[in-house]
Amino acid sequence: MASKNLLRETLQGLKMSKKGKIKFDPYWAERGEHILEGYKGDLGLSPNCAGVMDRLSSRPLKKSSFLCSSSGGCSPDSSAGSVSDINTINTTFSAATPLKNKRRHLASPLSCKAVSDEMNSETPEADVSKVSSPVSLPAISLLSSKAMQTAGCIDRIEKKHQEKAKSALRLRQEKLVVAVADAASEQLKRFEELMELKQKQEDQSMRDMRDRETKESMVRYEKLKEEQRHRMKNLNLSQKVAEPEQQQLWEAELERQTQVDGRERLQNLHTIQVEILQLNQLLKPSSQTKTDLPPTSISSYSTRGNQLCSQVSVVVRKTAEGQFPSVEDMTMAEQALHEMRALIQLMQEEVVKAHEWKKEEQEQEEKRRKMAALQAQQDVQKKAAQSAQQKAMKKGLQNTAEDSTLKWYKELQQTAAQCAQAIEQLSTTKDAQTKKLKQELQKAATIPVSQISSNSGSQLREIFDKIDKLLSGGAVVSGGKSVSVSQHPQGLDFVSYKLAEKFVKQGEEEVASHHEAAFPIAVVASGIWELHPRVGDLILACLHKKCPYAVPHYPPMKDGTPVEEYQKILGYRVGESGVEDQDSFLKRMSGMIRLYAAIIQMRWPYISKQGSLPHGLNHGWRWLAQMLNMEPLADITATLLLDFLEVCGNALMKQYQGQFFKLMLYLKEEYLPRIEAVTSSGQMGSVSRLQEFLETALQNQQISPPKGQLSSRFWRT
C-alpha cells in the first residue's frame, strides 16, 4: 500500500512539472512530427519531487513496481534499506540518463503511458542521487538486456510509424495534385468560356457602334444635302441680281488677259527677229565659204535669208503702230525662224561636203603623184629584170650569188668576226667578278628577247625599251641586280653580239615551231636595228652564217674540205650522233627565212624617224630576184620560196604591184619546172604547195596578209 502511495505521489509530482504539461496530439504521427514538437522549454522535474525523495531516504526501500519498471528487474536483496542500495539505484538511474537523451533525439512517436513511466523512472532517482551524495559521481552506463530490447522495440515502432506516415503523406500529396490539376483544368475552361463571351460582347458592341455611326452619317448627309439645295437656291437668286456687274468684271478681266498675251507675243517676236538677224549674218560670204562653196550656192543662201528677214520685219512694223502681233503673225515668224535654221544647217552640211570633196581631191592627187613615182620606179626595175632575164637566157642560171652580193656577205661576216674577237677577252675571262658581270650582261640581253610575245602591245613596248636602254648605256635591272654596258669597256660589243645571236636563235627555234611568232620578234628587231645599226649588221651576219640561203648563197665545196665541215657551212647541225635529218634542217631554215621576211617589212611604230627602213622591202625584192637567177636546189629552194612569199608576198604585192605578178608568172612558168626537174618524187610536197600558192595568187591577182601580223589594235592593248 505504501508503494502505491509513493507511486501516486510521484505521478502527481510529474504531472505538476513542465514535462507533465506537454499537450498530446493524436495526429502527430500522420503529420510526421516529433512528439515533443510543441514543447519549447527544457525538460526537468518539479520541485515537489524533493519531498518524495526525502520520504524515500527516510524509510527503507522496498521492491515496487515502479523501481522494477525503471531498472528492468529487481534483485532479492533489494528489500534491505541500506545506503548501498540507494547508491545502487542512483547508479542505475545515472546509467539510464543516456537512454533518456537518446530517446529525446530520436523524435519518434511514443504512447502517453510509456512517456509517463519513463519520467516516473527518471525523476525520482535523479533526486535520490542529489540526496545521497552532494558531489556527483562518475556515471557508468549499464543497461540490462530487457532495456536494450525495449529500446529496440521503440526504434522499430518509431520506424514503422514513420514509414506509415510517409506513405500516407505521399498518398495525400498525389490526391492533392490530382485535385489541383482538375481544379486548374476546370478553371481554364471557365476562363476560355469567359474570354469567348467577352469577345462576342465586343463584336456585338462594334457592330452596334458601326450601325450608330452609319445612321448618324446618313442624317448628316441629308442635312448637308438640304443645306446645299438651300445654298444653290440663294446663289441663283443672287446671280440673277448681280449678272450685269459680273458681265462687266468678266469683260475687264478678258481685256487685261488680252493685253498680257499681246505683250508676251511682242516680246517673243523681238526675240525671233534678233535670232533671225544673227543667223542671216552667218549666210553672208566669208573666207571659208568662198573657198569651199561655189558663188551660186552662196548667193542663193544669202537671198533666201534676206527674204526671211523681210517677212519678220513686216510683222515687226505692225507692232510699231501700237498693235500687238496676232497669233497668225507669230506663227509666220516662227516658221521663218525654223526655215532660217534649216537653211543654216543645209549650208553647213554643204560646206562639210565641199571640204570633204576637196580633201578627197587632194588625196587622189597625192595618190596619182605617188603612183607616177612608183610607175617610174617599176619601169626602172622592169628594165633591170628584163636585162637580168636576158643575161640569164644568154648565159643560163648562176650557181653562185652575184659579186656585189658576195662582197656584202663577206663584209658582214668580217664585221661579226671582228666583234667576236673584240669580246674574246670578256667571253673567256677567268676573273670571278668579270665572269659574274659577263653573265649578268648576257642575261640582261637575252632574257627580254625570250619574253617577246604577241600578248599585248604594252608588254612588247616594255621589252623594247629595256633592250634600247641597255644598248644606250643605261642601267637595267636583271635578276634583281642593276647592270650596265658601261661597267666594262667591251660591254656594248658583248651585248650587241649576244643580242644578235639571240634574235637569230629565236627564229631558228621559236618561229620554226610557231610561225606567228615571227612578227613580234621582227618588229622589236627592226626597231633595235633602226636605232642601233651595228646590232642590225650583226643580226644579218649571224643569220647568213646559220642560213646562207638568206643571202642567197650556195657555198661551193672546196677541195680537201671534209663532208661534215661542208655540211656545217650549208647550215646543217653536226653532232656526235651525226648530221641532223632533212626535216629538222628544213624546219630551222624555214623559221629563219620567215623571220627575215618579217623584218624587212616591219617597223617599230614609236620611232619618230622618217624615211625608209635600214633593211626594207627593196632587199626582199633583191633576194627574190637573185633566188630566181640561181640554179634551184632540191627541196630547199621550193620550201624557202614558199615561206618567203607567205610572209612577205602581200607587202611586195602592195609595193611593186604589176611588176610583182610578172615575177610570179615567171616563177610559175619558167622557174618551177626547173625545180621539179631537180626534185625527186619523194620530195615533191614542197613543190606542190608552192605551185598551188602561185596559181591562187595569179588567178586572184591577190595575196592574203600573213597570219599573225600585228594590227593597230594590238598596240592599244
Side-chain angles (χ1 to χ4, degrees), residues 183-280 304-305 307-346:
S185 177
E186 292 296 328
Q187 188 175 1
L188 180 60
K189 290 180 181 179
R190 301 291 83 77
F191 177 75
E192 291 177 352
E193 293 175 357
L194 180 61
M195 293 301 294
E196 185 178 359
L197 180 60
K198 187 176 180 180
Q199 184 67 29
K200 290 180 179 179
Q201 292 175 352
E202 291 179 355
D203 295 341
Q204 184 63 33
S205 62
M206 290 295 293
R207 284 194 295 271
D208 296 341
M209 185 173 63
R210 285 197 296 269
D211 293 341
R212 287 195 302 272
E213 290 178 353
T214 303
K215 291 179 181 179
E216 292 175 359
S217 299
M218 293 298 294
V219 171
R220 286 195 298 272
Y221 174 74
E222 292 296 334
K223 289 181 179 179
L224 291 173
K225 192 173 180 181
E226 184 64 27
E227 291 177 359
Q228 181 67 15
R229 283 196 299 269
H230 184 68
R231 192 179 297 109
M232 291 298 296
K233 185 177 179 181
N234 294 335
L235 183 61
N236 292 333
L237 292 175
S238 63
Q239 285 180 352
K240 290 179 180 179
V241 174
E243 186 173 354
E245 296 180 1
Q246 187 70 24
Q247 184 68 23
Q248 294 177 0
L249 291 174
W250 182 79
E251 291 177 355
E253 180 65 22
L254 182 61
E255 182 66 22
R256 188 185 65 79
Q257 187 64 34
T258 303
Q259 293 289 331
V260 171
D261 294 341
R263 292 190 190 94
E264 185 177 356
R265 286 195 298 272
L266 180 61
Q267 185 177 0
N268 293 337
L269 180 62
H270 290 161
T271 304
I272 291 173
Q273 184 184 20
V274 171
E275 186 176 355
I276 283 183
L277 292 175
Q278 291 176 353
L279 293 175
N280 191 38
R304 183 56 184 163
Q307 292 176 357
L308 295 175
C309 290
S310 300
Q311 292 178 5
V312 176
S313 298
V314 171
V315 178
V316 172
R317 279 195 295 271
K318 290 181 180 179
T319 60
E321 299 174 359
Q323 298 179 3
F324 292 116
S326 63
V327 177
E328 291 78 7
D329 294 337
M330 291 302 299
T331 302
M332 185 181 65
E334 289 175 356
Q335 289 178 354
L337 178 61
H338 291 319
E339 189 174 353
M340 179 66 77
R341 289 173 180 172
L343 197 65
I344 292 294
Q345 185 177 1
L346 184 62

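Count residues from 1 along the sequence.
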When the side chains of residues 211-218 are checked against the rest of the protein, which donor-acceptor pairs come out under 3.5 Å, sequence neighbours left out?
from, atom 1, to, atom 2, distance (Å)
T214, OG1, R210, O, 2.8
S217, OG, E213, O, 2.9
S217, OG, R220, NH2, 3.3

| task | Calculate, to the nearest 0.5 Å, the distance between atoms CZ and CG belonging to R231 and L224 respectively. | result | 8.5 Å
| Atom pair CD1/CE of I272 and M332 - distance to nearest 0.5 Å | 10.0 Å
| Under 3.5 Å, is there a donor-acceptor pair between the R190 and Q187 side chains? | no
| task | Decide yes or no for L343 and E339: does some side-chain heavy atom of the first lie under 4.5 Å from some side-chain heavy atom of the second? | result | no
| field | Test log, rule salt bridge (Lys or Arg N to Asp or Glu O under 4.0 Å), inputs E222 and K225 | value | CA-CA 5 Å; E222 292 296 334; K225 192 173 180 181; 5.5 Å; no
| Any salt bridge between K189 and E192, counting N to O under 4.0 Å? | no
| request: Check salt bridge (charged side-chain N to carboxylate O under 4.0 Å, His left out) between E275 and all other residues, then give those that pass, not counting sequence neighbours. | output: R341
When the side chains of residues 197-206 are checked against the rest of the protein, which donor-acceptor pairs come out under 3.5 Å, sequence neighbours left out?
from, atom 1, to, atom 2, distance (Å)
Q199, NE2, D203, OD1, 3.3
Q204, OE1, R207, NH2, 2.6
Q204, NE2, D208, OD1, 3.2
S205, OG, Q201, O, 3.3
S205, OG, E202, O, 2.5

| Stepwise side-chain contact (heavy atoms from CB on, under 4.5 Å) test for L337 and L279 | CA-CA 9 Å; L337 178 61; L279 293 175; 4.2 Å; yes
| message | More than 12 heavy atoms of other residues, nucleotides or ligands under 6.0 Å from CD of Q267: yes or no? | response | no
